[in-house]
Amino acid sequence: MRTQLTDYAFHFKKIHIYCDSKSAIAISYKAVQHSRTKHIAARYHFIKEHVEKGMIELYFVKTDYQLADLFTKALPPEWFIIWFVTLETDIQEKEQKESQKQTNPSTEWKGQSQKSAK
């Protein structure tokens, strides 16, 4: 997961995962083997192992705000429109910031060019 995020120029010390299950978060953070977890296949302990290593941090998010639902569940049309507009707005804001960075050089660069012009 970290490698893929790095490929997309996201560099994190810890990967943040938002989960809408408090039970799943509690199980991931506790090193004790519970009677409820003994039947979970070993491949599903991947997240738990990485939480213990400190590579992943789990955060609780209410189901209403779980962005992954947009891609994994059939949502009512109202929810889909709300999420779509929110994502579109976030993308537009990010594009505006990027274009401002390209058109307005940083103040350090301006200061250096002014010194060299004198």
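- Both Ile15 and Tyr8 sit in one connected hydrophobic cluster of ILVMFWY residues. Membership requires side-chain heavy atoms under 4.5 Å apart, directly or through other members.
- To the nearest 0.5 angstrom, Gln100 atom CD is 9.0 Å from Lys97 atom NZ.
- Between the CD atom of Glu95 and the CD atom of Gln92 there is a distance of 7.0 Å, given to the nearest 0.5 Å.
- Here the CD1 atom belonging to Ile91 is positioned 11.0 Å from the OG1 atom belonging to Thr86, to the nearest 0.5 angstrom.
- Nearest heavy-atom pair, Ser28 versus Val51, reported as atom, atom and distance to 0.1 Å: O-CG1, 3.7 Å.
- Remark: Ile25 CD1 to Leu58 CG distance equals 5.5 Å, nearest 0.5 Å.
- Under the 4.5 Å side-chain contact rule for hydrophobic residues, Trp79 and Ile81 do not share a cluster.
- Here the shortest heavy-atom pairing between Lys62 and Phe60 reads N-CE2, 4.0 Å.
- With sequence neighbours left out, the side chain to side chain donor-acceptor pair (under 3.5 Å) criterion links Tyr59 to His16, Glu57.
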